[in-house]
Amino acid sequence: VARRLSLRKHPECHSMAGGKAIEHLAQSGNQELLTFRLPMQQYRNCDFSFSGLQNLVNNAIVQKEKEEGIQEGEILSCVKDVAAAVQHAVTVHIIQRTYRAMLFCIKNSILPSKNATLVVSGGVASNQYIRKGLQNLADANDFALLCPPPRLCTDNGVMIAWNGIERLRAGLGVLHSTAGIRYEPR
């Protein structure tokens with residue numbers, strides 16, 4: 001979404017990563033000026049999916065560009081409102097799906113009846129709006145919430161790659177030949 005909104009061109013966000021730029025602009029945006037249908041509402045499971053939401057957001061951006069008479073790549077006058085609405089929709093989706101997972105774990109005695117903990121990490125845990133929503137969810141369900149400090153909430157891909165570097169250096173669990181390995185996209 002940040003890339004589609006060309007936030008690198010925005011004077012307040014030119015040096016920020018996409019998620020940080022969305023969070024920054026959303027702080028002064030009005031999330032109620034745009035509403036996005038939440039993904040996967042018809043499925044009663046714990047899966048996450050953001051592709052449908054991304055399509056809705058892209059369509060809304062195209063519509064706003066037409067209304068404002070600007071080309072793709074130019075900054076919308078309502079960019080802060082779009083950021084706020086997207087951040088809110090993503091947060092609600094995450095909270096709903098996490099709540100389902102919590103209920104599933106409680107119902108199936110996967111978690112202890114007392115002192116259950118919700119751990120959130122990775123890039124999503126650095127967003128204070130999402131973190132606050134998850135804190136409210138945890139509090140309402142007598143869960144503790146554990147999140148690393150935002151400076152440690154980096155991209156999961158980077159963390160996985162770093163783990164690979166450390167394992168390669170230590171010679172642990174590293175395949176020296178990929179012959180006979182079958183790869184699957186899922």
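All residue numbers refer to positions in the sequence shown, counting from 1.
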(request) Using the side-chain contact (heavy atoms from CB on, under 4.5 Å) rule, take His14 and Lys9 through it: C-alpha gap first, then chi angles, then the decisive distance, then the call. (result) CA-CA 6 Å; His14 61 88; Lys9 295 179 182 178; over 6 Å; no

(message) Count I, L, V, M, F, W, Y as connected when their side-chain heavy atoms are under 4.5 Å apart, and connections chain through other members. Are Leu33 and Ile22 then in the same cluster?
(response) no

(request) Taking all non-hydrogen atoms of both residues into account, name the closest pair between Phe36 and Leu53 and its distance. (result) CB-CD1, 3.5 Å

(message) If hydrophobic clusters are built from ILVMFWY residues whose side chains come within less than 4.5 Å, do Val1 and Ile70 share one?
(response) yes

(message) Testing the basics here: between Ser28 and Lys80, what is the closest heavy-atom pair and its distance to 0.1 Å?
(response) OG-CD, 3.2 Å

(message) Under a plain distance cut-off of 3.5 Å, with no hydrogens placed, do Gln87 and Asn127 share a side-chain donor-acceptor pair?
(response) yes

(request) Report whether Phe104 and Leu134 are members of the same hydrophobic cluster (ILVMFWY, side-chain heavy atoms less than 4.5 Å apart, transitive linking). (result) no

(request) Give the other cluster members for Met16, using side-chain heavy-atom distances under 4.5 Å between Ile, Leu, Val, Met, Phe, Trp and Tyr residues; answer none if it is isolated. (result) none

(request) Find the distance between CG (Leu38) and CD1 (Ile94) and round it off to the nearest 0.5 Å. (result) 11.0 Å

(message) Just checking Tyr129: does its OH atom have more than 12 heavy atoms from other residues, nucleotides or ligands closer to it than 6.0 angstrom?
(response) yes

(request) Quick one: pull up NZ in Lys64 and OG in Ser77 and give me the separation to the nearest 0.5 Å. (result) 8.0 Å

(request) Rounded to the nearest 0.5 Å, what's the gap from CZ on Arg44 to CD on Gln42? Could you check? (result) 10.0 Å

(request) Check whether any side-chain N or O of Asn30 sits under 3.5 Å from a backbone N or O of Glu32 as a donor-acceptor pair, and report yes or no. (result) yes

(request) For residues Val86 and Leu34, determine if any side-chain heavy atom of one lies less than 4.5 Å from a side-chain heavy atom of the other. (result) no

(message) For a side-chain contact (heavy atoms from CB on, under 4.5 Å) check, start with the C-alpha distance between Ile61 and Glu72, then their side-chain angles and the critical distance, and finish with the verdict.
(response) CA-CA 9 Å; Ile61 292 170; Glu72 182 176 332; over 6 Å; no

(request) Identify the two heavy atoms, one from Gly73 and one from Glu65, that lie closest to each other, and give their separation to 0.1 Å. (result) N-OE2, 4.3 Å

(request) Output yes when a side-chain donor or acceptor of His93 lies under 3.5 Å from a complementary backbone atom of Ser49, and no otherwise. (result) yes

(request) Check step by step if side-chain contact (heavy atoms from CB on, under 4.5 Å) holds for Leu56 and Arg37. (result) CA-CA 8 Å; Leu56 292 172; Arg37 190 176 70 247; 4.0 Å; yes

(message) Is there a side-chain contact (heavy atoms from CB on, under 4.5 Å) between Val90 and Ile130? Walk through the geometry before answering.
(response) CA-CA 8 Å; Val90 165; Ile130 295 173; 4.3 Å; yes

(request) Mind running side chain to side chain donor-acceptor pair (under 3.5 Å) on Gln135 and Asp139 for me, showing each step along the way? (result) CA-CA 6 Å; Gln135 182 67 65; Asp139 291 346; 2.8 Å; yes

(message) Check this for me: does any side-chain nitrogen of one of Glu23 and Arg131 sit under 4.0 Å from a carboxylate oxygen of the other?
(response) no

(message) With no hydrogens and no angle check, just 3.5 Å: does a side-chain donor-acceptor pair link Ser6 and Glu74?
(response) no

(request) For Asn141 and Phe143, indicate whether the former's side chain and the latter's backbone hold a donor-acceptor pair under 3.5 Å. (result) no

(message) What's the separation between atom CG in Asn115 and atom CG in Leu111, rounded to the nearest 0.5 Å?
(response) 11.5 Å

(message) Using the rule that Ile, Leu, Val, Met, Phe, Trp and Tyr join whenever any side-chain heavy atoms are under 4.5 Å apart, tell me whether Met102 and Phe48 fall into a single cluster.
(response) yes

(message) Tell me which one of Thr117, Leu118, Val119 satisfies side-chain contact (heavy atoms from CB on, under 4.5 Å) with Leu145.
(response) Leu118

(message) Nearest 0.5 Å, please: how far is CG in Leu137 from OG1 in Thr91?
(response) 12.0 Å

(request) Check the surroundings of atom CD in Gln41: do more than 12 heavy atoms from other residues, nucleotides or ligands lie under 6.0 Å from it? (result) yes

(message) So, taking the atom named OH in Tyr43 and the one named CZ in Arg97, what distance separates them when rounded to the nearest 0.5 Å?
(response) 9.5 Å

